[in-house]
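Sequence positions, counted from 1, serve as the residue numbers for this chain.
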Amino acid sequence: MWSRVELKTSAKQILQKNYWGAVLVGLILSICLGGIKVRYILNMGISGANRATGMQSNIISDGLGRDFNYDIYSYYDSIVRSVIEFMNSISYTTIVTVLALILVIFMAAVTISALVLAPIQIGCCRWMLKNRTNNPQYDEVVFGFQDGYLNIVKIMFCRNLFIALWSLLFFIPGFIKMYEYRMIPYLLAENPNMSMSEAFSRSRNMMYNNKMDAFVLELSFLGWYFLTAITISLLAVFYVTPYVYLTRTELYVALCQTPRNGDATQDNGTTGQYDSTRENYDEYREV
């Protein structure tokens, strides 16, 4: 059974061994995982439409900027009327333009995430795994483009899609699925040609009865996240981000090395740690 203290202690030791490499790869990985947020897409779409049509949201700005020193009901009534007036002033063509621009930006974000960011994420996970026992080359970051590219794109796209769809059910199911599928990037980092069904099944088995513990592990970094906020994210770049990702890598290794009840029967008729994973780690140790 793994413990948070052991994982984080091991991650700190690995971080000290190859500090600058972990910082660089951690920064790349955080960019890939950050992606493009929906609110940024909406803001970009609306601002782009405003620049294209020359329109400014002066009515809304005026409504939100009024003096608060009067009756609260009158204040909200003025906001509602301002919004209605603004909506009435928008033509059908402008609405279509805004929606089309938002759709184009959203599709571009999805495409970039699937075709570019997902393979880089797999490469970063592979680098993190190899970094445990040696000093890997930085070309490992682009490993996802060199081996099993289309398979990686397909599986990672489906993984993100499934999580998004489950999140529509009041968020909690999506949150659970996010932890259930958390090990898929690491599995693909070791075996990029793994089938989709096998990747999902193995990740599900590895996280069986471990999702809550993994969530608590993430909560243990809250203090670091607070310090990050008051240091203008400098602490995140140079310590917290690589520390967190290295800890998650240690969690994957710990789960691979821990026999679990309910694991699928392996090719040799046994249960527990996956043979392919064990062979890969033996290879890492030999390098």
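In terms of modelled atom types and a separation under 3.5 Å, the side chain of Asn193 and the main chain of Asn151 share no donor-acceptor contact. Checked by atom type and distance alone, the side chain of Thr111 pairs as donor or acceptor with a backbone atom of Met107 at under 3.5 Å. Formation of a donor-acceptor pair under 3.5 Å by the Ser203 side chain with backbone atoms of Ala199 is not found in this model. In terms of modelled atom types and a separation under 3.5 Å, the side chain of Asn210 and the main chain of Tyr208 share a donor-acceptor contact. Of the possible donor and acceptor atoms, one in the side chain of Ser195 sits under 3.5 Å from a partner among the backbone N and O of Glu198. Here the side chain of Lys17 pairs a donor or acceptor atom with the backbone of Arg132 at under 3.5 angstrom. Ser167 places a side-chain N or O within 3.5 Å of a backbone atom of Ile163 that can act as its donor or acceptor partner.
Between Met183 and the choices Met206, Arg202, Arg204, the side chain to side chain contact (heavy atoms under 4.5 Å, CB included) rule is met once, by Met206.
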Review point. Between Glu218 and Tyr179, is a side-chain hydrogen bond (donor to acceptor under 3.5 Å, both in side chains) present by the stated rule, with each step listed?
Key: CA-CA 11 Å; Glu218 295 295 323; Tyr179 276 89; 5.1 Å; no

Practice item. Please report the C-alpha distance between Asn131 and Glu140 in whole Å, then the side-chain angles of each, then the deciding distance to 0.1 Å, and finally whether the side chain to side chain contact (heavy atoms under 4.5 Å, CB included) criterion is met. Key: CA-CA 10 Å; Asn131 184 59; Glu140 294 290 349; over 6 Å; no

Exercise for review: Under the side chain to side chain contact (heavy atoms under 4.5 Å, CB included) rule, what do Leu222 and Phe226 come out as? Steps first, then yes or no, please.
Suggested key: CA-CA 6 Å; Leu222 284 179; Phe226 174 76; over 6 Å; no

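Side-chain atoms of Leu24 and Trp20, non-hydrogen and from C-beta on, never get closer than 4.5 Å to each other. Trp166 has its side chain out of reach of Glu180: every pair of non-hydrogen atoms, C-beta onward, lies at least 4.5 Å apart. Residues Val253 and Leu7 have side chains not in contact (no heavy-atom distance under 4.5 Å, counting atoms from C-beta outward). The shortest side-chain heavy-atom distance between Ile122 and Arg126 does not fall under the 4.5 Å cut-off. Between Ser30 and Tyr245 the shortest side-chain heavy-atom distance falls below 4.5 Å.
More than 12 heavy atoms of other residues, nucleotides or ligands sit less than 6.0 Å from atom CE of Met196. More than 12 heavy atoms of other residues, nucleotides or ligands sit less than 6.0 Å from atom OH of Tyr138. By the 6.0 Å contact criterion, CZ on Phe157 is open, its count of non-hydrogen atoms from other residues, nucleotides or ligands being 12 or less. Atom CD1 of Ile232 has 12 or fewer heavy atoms from other residues, nucleotides or ligands within 6.0 Å. Residue Gln146 places its CD atom among more than 12 non-hydrogen atoms of other residues, nucleotides or ligands, all under 6.0 Å distant. Heavy atoms of other residues, nucleotides or ligands lying less than 6.0 angstrom from CZ of Arg4 number 12 at most.
The hydrophobic cluster containing Leu251 does not contain Val5, counting ILVMFWY residues as joined when their side-chain heavy atoms lie under 4.5 angstrom apart, directly or transitively. Under the 4.5 Å side-chain heavy-atom criterion for grouping Ile, Leu, Val, Met, Phe, Trp and Tyr, Leu227 is connected to Val240 within one hydrophobic cluster. Hydrophobic clustering (side-chain heavy atoms under 4.5 Å, transitive across Ile, Leu, Val, Met, Phe, Trp, Tyr) groups Leu115 together with Ile112.
When every heavy atom of Val237 is checked against every heavy atom of Pro242, the shortest pair comes out as O-CD, 3.8 Å. Of all heavy-atom pairs between Ala22 and Met128, the closest is O-CE, 4.4 Å. Nearest approach of Lys8 to Ser220, heavy atoms of both residues: NZ-OG, 3.1 Å. For the pair Lys12 and Tyr243, the tightest heavy-atom approach, listed with the atom from each and the gap, is CE-OH, 3.1 Å. The two residues Pro119 and Ile152 have their closest heavy-atom pair at CA-CG2, 4.1 Å. The minimum heavy-atom distance between Leu33 and Arg248, with the atom names listed, is CD1-NH1, 4.3 Å.
Between Tyr225 and Phe221, the angle of the ring planes lies from 30° to 60°, which puts this pair in the tilted group.
Residue Leu217 holds its CG atom at 10.0 Å from OG of Ser3, rounded to the nearest 0.5 Å. Atom CE of Met156 and atom OH of Tyr181 lie 13.0 Å apart (nearest 0.5 Å). Atoms OG1 and CG, on Thr241 and Leu29 in that order, are 9.0 Å from each other to the nearest 0.5 Å. Note that CD of Gln137 and CZ of Phe143 are 15.0 Å apart. Values are rounded to the nearest 0.5 Å. Leu234 CG to Tyr239 OH: the interatomic distance, rounded to the nearest 0.5 Å, is 16.0 Å. Note that CG of Leu27 and CZ of Phe238 are 8.5 Å apart. Values are rounded to the nearest 0.5 Å.
Through direct or relayed side-chain contacts under 4.5 Å between Ile, Leu, Val, Met, Phe, Trp and Tyr, Ile176 connects to Ile172.
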